[in-house]
Amino acid sequence: MTVFAAFQVILQRYSGAEDILIGTPITSRTPSEVEPLIGNFLNMAALRCDLSGDPTFSTVLRRSRDTTLNAFSHTDLPFEAMVENLKFERDPSRNPIFQVMLQVMPATELKLGELEVSTYHFDLKFAQFDLSLHLYEGAGGYSGRFEYCTDLFHADTMERLSLNFMHLLEEIVRDPEQKIS
């Protein structure tokens, strides 16, 4: 939730928008019949971020917590159903609802019985969203990468965004009560 809140702030600083939608994958293992199954049971959640009123980072964090917990309590609602029920004109050149994604992968022991499994990161050669931040928890902390649409962003812009994001995280630790402006 802290990274989610910080990601909102950096997006607000770059875009000037106070109302931001960020997508995040969430796991859904209900109904209970699917709990023992092996497979990818992901659903996308659209998290609406309210950055109005020049809040402190602590306020953004509280808002983020409420938004995240609310979204996680509705994991059974398929993303496709949400898209179908919302009344807006679809543009096939854009993802519906949100164009920015945050994925935070917790550290997990990857074993299937006696079989050890390791992760493999590969480049799809295209970006699924305009901008994504992927974070992976490891023994020494988190590592991450930005994935972006090269038609919209240049590599030097993403390098600057990455450095600014790290600086923002340092400032948040230093003084979480400072205004996001």
Side-chain angles (χ1 to χ4, degrees), residues 1-26 43-74 77 79-80 82-105 123-136 141-181:
M1 291 180 198
T2 303
V3 172
F4 171 54
F7 194 41
Q8 293 171 52
V9 172
I10 198 78
L11 291 174
Q12 190 275 332
R13 295 298 299 267
Y14 271 72
S15 70
E18 292 182 337
D19 187 12
I20 297 173
L21 283 169
I22 299 175
T24 191
I26 54 176
N43 193 16
M44 292 302 287
L47 306 174
R48 191 168 193 173
C49 312
D50 175 14
L51 298 164
S52 63
D54 193 21
T56 65
F57 180 77
S58 293
T59 300
V60 173
L61 182 57
R62 278 191 296 281
R63 291 176 187 174
S64 300
R65 182 197 53 166
D66 294 345
T67 299
T68 304
L69 292 176
N70 186 32
F72 287 3
S73 70
H74 295 92
L77 176 65
F79 182 73
E80 294 79 19
M82 182 175 61
V83 171
E84 286 175 17
N85 289 311
L86 290 173
K87 305 294 184 223
F88 63 93
E89 194 169 320
R90 297 280 307 261
D91 179 350
S93 69
R94 300 180 66 78
N95 277 302
I97 316 294
F98 55 84
Q99 287 74 47
V100 177
M101 186 187 75
L102 171 65
Q103 178 183 36
V104 181
M105 299 294 295
D123 185 0
L124 295 174
K125 303 294 182 209
F126 67 91
Q128 290 181 299
F129 300 93
D130 292 354
L131 177 65
S132 299
L133 173 57
H134 302 273
L135 296 173
Y136 308 92
Y142 284 90
S143 61
R145 66 183 171 86
F146 283 101
E147 180 182 283
Y148 59 95
C149 177
T150 56
D151 290 342
L152 298 174
F153 302 104
H154 295 285
D156 60 333
T157 303
M158 288 296 103
E159 181 67 28
R160 198 168 45 255
L161 175 71
S162 178
L163 292 171
N164 289 338
F165 189 61
M166 292 301 295
H167 178 73
L168 173 65
L169 291 170
E170 291 166 358
E171 288 299 308
I172 287 167
V173 170
R174 190 182 63 72
D175 182 9
E177 294 306 319
Q178 123 180 241
K179 299 262 187 194
I180 65 170
S181 62

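Just so you know, residue 1 is the first one in the sequence shown, and it goes up from there.
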Q | Non-hydrogen side-chain atoms of Ile172 and Val9 separated by less than 4.5 Å | A | no

**Q.** salt bridge (Lys or Arg N to Asp or Glu O under 4.0 Å) partners for Glu171, two or more places apart
**A.** Arg174

(Q) Using the salt bridge (Lys or Arg N to Asp or Glu O under 4.0 Å) criterion, which residues pair with Asp19? Sequence neighbours excluded. (A) Arg48

Q) Which pair of non-hydrogen atoms, one from Ala45 and one from Ile26, has the smallest distance, and what is that distance? A) CB-CD1, 3.9 Å

**Q.** Value rounded to 0.5 Å, distance of CZ in Phe7 from CE in Met101
**A.** 9.0 Å

Q. Do we see a donor-acceptor contact under 3.5 Å between the side chains of Ser64 and Thr67?
A. no

Q: For residues Phe146 and Leu161, determine if any side-chain heavy atom of one lies less than 4.5 Å from a side-chain heavy atom of the other.
A: yes

Q: Give a yes or no answer on whether the side chain of Thr24 reaches the backbone of Leu102 with a donor-acceptor pair at less than 3.5 Å.
A: yes

Q: Looking only at non-hydrogen atoms, find the nearest pair between Ile22 and Cys49 and report the distance.
A: CD1-SG, 4.0 Å

Q | Residue pairs passing the side-chain hydrogen bond (donor to acceptor under 3.5 Å, both in side chains) test where at least one lies in residues 151-165, sequence neighbours excluded | A | Tyr14-Asn164

Q. Does Asp130 reach the main-chain N or O of Gln99 with its side chain, forming a donor-acceptor pair under 3.5 Å?
A. no

Q: Consider only side-chain N and O atoms of Arg65 and Thr68, and report whether a donor and an acceptor are under 3.5 Å apart.
A: no

